[in-house]
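Keep in mind that what you see is a predicted model, and the values were worked out from it rather than measured. We name chains A, B, ... by the order of the sequence lines, and we start the count at 1 in each one.
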Protein chains: 2
Amino acid sequence: MNTQHLDHNLLTYAEEWGLLFERWGLPRTAGRIWGWLHVCDPSDQTAGQLVDALQVSKGSVSTNTRLLENLGLVERVGVPGARQSHYRVRADAFEGIMRQRIVAVAQARALAERGLGVLESAGAERKHRLTAKRDFYAFLEREMEELLRHWQGRREEGTLVD
Amino acid sequence: MNTQHLDHNLLTYAEEWGLLFERWGLPRTAGRIWGWLHVCDPSDQTAGQLVDALQVSKGSVSTNTRLLENLGLVERVGVPGARQSHYRVRADAFEGIMRQRIVAVAQARALAERGLGVLESAGAERKHRLTAKRDFYAFLEREMEELLRHWQGRREEGTLVD
DNA sequence: TTGAGAGTTCAATCTATACTGAACTAGAAG
DNA sequence: CTTCTAGTTCAGTATAGATTGAACTCTCAA
């Protein structure tokens with residue numbers, strides 16, 4: 001496989017991440033960047049390189065790199081002697097993903113809880129129905145936090161081996 | 001709290017589920033229905049009741065109840081002597097939610113895997129970067145399946161107590 | 001001090017998709 | 001058979017929000 005062909009396939013790969021992100025309610029461009037940063041060479045890319053590779057506007061790259069930074073997936077690093085910032089996947093990016101998921105579940109749990117407050121004086125059956133929902137999200141929240149710790153432990157082990 | 005006031009607060013509650021769903025990339029109306037079906041009285045609602053309560057069109061209710069059915073969150077039941085279908089939260093709805101999440105993670109894992117195929121002849125560092133990603137999603141997929149079994153076990157226990 | 005490049009911001013535009021409303025299908029009631 | 005009601009489908013519309021491109025700010029270098 002020649003370089004051009006490889007790059008084309010990698011762009012397709014990035015593009016598919018864009019579509020996945022979209023299905024998850026996130027901007028397509030953020031997904032393209034997230035996908036691309038795992039397969040690009042070099043691993044650290046300037047905004048300009050992202051613009052060229054992914055064919056999106058400077059503005060969009062700026063907005064979406066910031067989004068990915070805020071989600072804890074990507075970091076901006078300075079390179080000595082270079083004027084531009086470079087972006088790369090954070091070493092602890094996957095913790096960021098899990099934290100995002102935990103936040104989403106926590107929101108659902110909190111919302112169910114507020115609902116229970118509203119139902120205070122209502123009949124038992126309705127409360128029971130909603131309590132089951134709250135309990136499920138609470139379960140998921142607790143277990144995902146546990147999973148996060150599990151993952152962090154795994155990563156530390158891995159680091160020792162390096 | 002009088003009935004009217006209660007209903008107003010419950011509608012607000014349903015509305016907030018709509019907003020949550022939207023953030024998750026699902027139709028707002030599906031979220032409203034999902035929220036409403038946990039707090040409405042009676043627990044089983046006709047399409048007409050949903051139209052009246054949530055102030056959305058018949059068409060939208062039809063589309064979104066189907067969506068929720070396909071996601072495994074809601075079921076359609078017949079009531080003897082009644083012409084209409086009734087919708088209610090499925091007893092095993094939360095398993096549906098977990099399955100959905102597992103599918104989403106599996107898609108990400110599969111996509112990373114395909115990316116690894118493309119990188120076959122590329123340098124070691126890139127492969128390493130992408131392998132880490134694949135491993136993470138594979139980890140999450142495995143653990144969430146485990147979590148699903150855990151939840152199912154919990155539910156069975158609970159059922160015995162009923 | 002001026003010029004150039006990097007990055008941000010934001011108004012205007014584009015696009016995807018959810019929603020509505022009306023026409024249609026199916027089936028029950030009379 | 002005809003009428004009515006429930007539900008589906010779909011073309012058209014509305015809308016949310018992502019993207020662009022241009023103007024702007026900042027910083028560095030000459």
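Between Ile33(B) atom CD1 and dG7(D) atom P the separation is 13 Å, expressed in whole Å. Rounded to whole Å, atom C1' of dA6(C) lies 14 Å from atom CG of Asp52(A). Atoms NZ (Lys58(A)) and P (dA23(D)) sit 12 Å apart, rounded to a whole Å. The CD atom of Gln45(A) sits 13 Å away from the P atom of dG7(C) (whole-angstrom rounding). dT8(C) atom C1' lies 16 Å from atom CG of Leu50(A), rounded to whole Å. Nucleotide dG17(D) holds its C1' atom 13 Å from the CG atom of Leu26(A), rounded to whole Å. Between the NE2 atom of His86(B) and the C1' atom of dA6(D) there is a distance of 11 Å, rounded to whole Å. In this structure, CD of Glu69(B) is placed 12 Å from C1' of dG7(D), rounded to the nearest angstrom.
Counting any heavy atom pair closer than 4.0 Å across all strands shown, Thr46(B) reaches no nucleic acid atom. Heavy atoms of Val56(A) sit under 4.0 angstrom from primed sugar atoms or phosphate atoms, though from no base atom.
Each of dG7(D), dT8(D), dT8(C) was ranked by its minimum atom distance to the side chain of Arg66(A); first place goes to dT8(C). For Ser60(B), whose side chain is taken as the heavy atoms from C-beta onward, the closest listed nucleotide among dT20(C), dT20(D), dT19(D) is dT20(C). In the set dC19(C), dA6(D), dA18(D), the nucleotide with an atom closest to the side chain of Gln84(B) is dA6(D).
Under the 4.0 Å criterion applied to side-chain N and carboxylate O atoms, Arg90(B) and Glu69(B) are not assigned as salt-bridge partners. One finds a salt bridge joining Glu146(A) and Arg149(A) here, because a Lys/Arg side-chain nitrogen approaches an Asp/Glu carboxylate oxygen to under 4.0 Å. Ion pairing between Lys127(B) and Glu120(B) fails under the 4.0 Å rule for side-chain N and carboxylate O.
Put simply, Arg28(B) has no side-chain N or O that comes within less than 4.0 Å of OP1 or OP2 on dT17(C). In this model, the phosphate group of dG7(D) is approached by a side-chain N or O of Ser85(B) to a distance below 4.0 Å at OP1 or OP2. The phosphate of dA6(D) has neither OP1 nor OP2 within less than 4.0 Å of any side-chain N or O from Arg76(B). Phosphate proximity of dG7(C) to Ser62(A): absent, as no side-chain N or O sits under 4.0 Å from OP1 or OP2. For the OP1/OP2 pair of dT19(D) and a distance below 4.0 Å, the side-chain nitrogens and oxygens of Ser57(A) include no atom meeting the criterion.
Positionally, the nearest nucleotide of DNA chain D for Gly59(A) lies more toward the 5' end than for the other of Gly59(A) and Arg83(A).
For the atom pair SG of Cys40(A) and CG of Asp7(A), the computed distance is 10.0 Å after rounding to the nearest 0.5 Å.
Taking the six-membered ring for Trp and thresholds of 30 and 60 degrees, Phe21(B) and Trp34(B) have ring planes inclined between 30 and 60 degrees apart.
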